[in-house]
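Each remark here refers to the structure printed beneath this line.
Chain letters run A, B, ... following the sequence lines, proteins first, then strands; residues in each count from 1.
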Amino acid sequence: MPELPEVETIVRTLRPRVVGSRILEARYLSPLAAGHQPEWMAAQLAGRAIVDLRRAGKFLVFELDQGFLSVHLRMTGKLLFDAVPGPFARAVLSLDAGTLVFDDVRQFGRFLWSPALPSNVERLGPEPFELQPSEFALRLRARRGHVKPLLLNQQFLGGLGNIYVDEALFRAAIHPLAVASRVSTRRAQLLHASVVEVLSEAIAAGGSSISDYVDAEGRAGSFQRFHRVYGREGEPCLQCGKPIHRIVVGQRGTHFCPACQKR
DNA sequence: ATCTATTCCTGGCTGC
DNA sequence: TGCAGCCAGGAATAGA
């Protein structure tokens, strides 16, 4: 499931291939990918030049000479450069520089043109790397809910998903059900440092490949080998040796060490 | 204003 | 071996 490190890896592999190129033709193979208006979207994309490509939270934002192409990969989405469209290809851009395939088995992902930056991109919270620890602590402590759902809230902080939230909370020794306003300033700053650390390490490893994720060149990441809690239910905690627990928090599978992460 | 539950999707896995 | 039923979960939406 692509989160900030995976999307960042895709952007880095894709940017030199597509920025400066032109879209010759756009085709949607599934209307869902276009939000049920495939013909109109395809017509808007055709002929556009790609001026820039950047990441915003978990979105890939292609800045065009007219409007934007915003892509969200959700669970199983992939953006593949110069790949042959497979059975799960949902959209294909023919560029003068090559072919860009949007592949998505489960069809949660979106590949949308809009005249202005979409509101869900506009509303994104700050990027973890651009936030000072003190600002992060202030924002966190101003909220009354549980920390895990808050970290998953894209309006609070842009880019974290289920894997990296569990990993960051473990590193900061914070229970996923801890109440945000009751986390000490010191520990909130430690949490920010843990978020930045785990995201940086994951980017350096090319992201985590659990089942579907690959970058734009089709390469898997390797950070899944360094997960300390995610997907390790029943296995010994790397810090204390007691078994990792899995609970459900906000309808999400949540992995933590009850001994190291006290509530 | 804030938080919680539901919905969308389908390949792969579990269990009978 | 076959198949029904469940599971994964990000984010929009509806409801409390």
Side-chain angles (χ1 to χ4, degrees), chain A residues 1-8 10 28-38 55-61 70-79 85-91 102-112 114 117-125 127-128 139-169 176-183 195 199 202 207-214 220-221 224 227 229-234 244-256:
Chain A
M1 51 200 107
E3 304 181 25
L4 188 153
E6 290 75 27
V7 177
E8 180 65 28
I10 295 170
Y28 283 94
L29 309 177
S30 164
L32 265 181
H36 296 294
Q37 32 189 351
R55 181 187 58 72
K58 292 179 240 181
F59 287 86
L60 292 105
V61 179
S70 56
V71 179
H72 200 302
L73 303 171
R74 295 282 185 100
M75 306 298 302
T76 56
K78 303 174 187 176
L79 274 182
F88 307 115
R90 309 303 184 189
F102 173 57
D103 186 283
D104 186 18
V105 169
R106 284 166 61 185
Q107 305 206 77
F108 275 18
R110 293 295 180 265
F111 192 91
L112 304 172
S114 55
L117 212 54
S119 60
N120 50 9
V121 174
E122 286 279 12
R123 284 198 305 262
L124 283 171
E127 290 283 330
R139 284 172 63 84
L140 186 89
R141 286 162 48 76
R143 304 293 287 259
R144 266 182 291 185
H146 296 143
V147 272
K148 169 148 181 179
L150 185 59
L151 292 176
L152 287 172
N153 181 342
Q154 300 299 297
Q155 273 102 273
F156 176 74
L157 194 66
L160 287 183
N162 207 37
I163 294 173
Y164 297 107
V165 166
D166 282 4
E167 292 298 318
L169 287 173
L177 288 173
V179 174
S181 60
R182 293 198 196 146
V183 175
V195 167
L199 294 177
S208 302
S209 292
I210 304 287
S211 56
D212 295 273
Y213 169 73
V214 289
Q224 67 283 355
H227 291 174
V229 286
Y230 186 86
R232 297 193 64 245
E233 182 186 13
I244 298 300
H245 281 210
R246 184 184 184 278
I247 58 173
V248 175
V249 176
Q251 291 75 239
R252 307 269 156 72
T254 298
H255 313 75
F256 71 108

Item to complete: Please state how far atom CE in A:Met1 lies from atom P in C:dC7, giving the value in whole angstrom units.
Response: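 Atom CE in A:Met1 sits about 16 Å away from atom P in C:dC7.
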Fill in: Protein-nucleotide distance (A:Met75, atom CE; B:dG11, atom P), rounded to Å
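Rounded to the whole Å, the gap is 15 Å.
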Discussion item. So, using side-chain hydrogen bond (donor to acceptor under 3.5 Å, both in side chains) as the criterion, who are the partners of A:Thr76 when residues are at least two apart?
Written reply: A:Asp104
Discussion item. If the condition is side-chain hydrogen bond (donor to acceptor under 3.5 Å, both in side chains), which residues does A:Asp212 pass it with, not counting sequence neighbours?
Written reply: none
Item to complete: For A:Glu167 and A:Tyr230, indicate whether the former's side chain and the latter's backbone hold a donor-acceptor pair under 3.5 Å.
Response: yes
Worksheet item: With no hydrogens and no angle check, is any side-chain donor or acceptor of A:Glu233 less than 3.5 Å from a backbone partner on A:Ile244?
Response: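 No: the side chain of A:Glu233 does not pair with the backbone of A:Ile244.
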Worksheet item: Side chain of A:Arg106, base of B:dG11: donor and acceptor closer than 3.5 Å?
Response: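 In this structure, the two groups form no donor-acceptor pair.
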Check the phosphate of [N] against [X], side-chain N and O only, distance under 4.0 Å to OP1 or OP2. Yes or no?
X: A:His72; N: C:dG10; value: no
X: A:Gln107; N: B:dT10; value: yes
X: A:Tyr213; N: C:dA8; value: no

Under-3.5 Å N/O pairs linking protein and nucleotides 12-16 of chain C:
from, atom 1, to, atom 2, distance (Å)
C:dA12, OP1, A:Asn120, ND2, 3.1

Atom pairs under 3.5 Å: protein N/O with N/O of nucleotides 3-5 of chain C:
none

Item to complete: Measure the angle between the two terminal helix axes of the helix from B:dT2-C:dA16 to B:dC16-C:dG2, five base pairs each, and quote it to 10°.
Response: 50°
What are the atom names and distances for every N/O pair under 3.5 Å that joins the protein to nucleotides 1-4 of chain B?
from, atom 1, to, atom 2, distance (Å)
B:dC3, OP1, A:Gly145, N, 3.0
B:dC3, OP2, A:Arg143, NH2, 3.4

Worksheet item: What does A:Gly250 touch in the nucleic acid at a heavy-atom separation under 4.0 angstrom: a base, only the sugar-phosphate, or nothing?
Response: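 Since no nucleic acid heavy atom lies under 4.0 Å of A:Gly250, the category is nothing.
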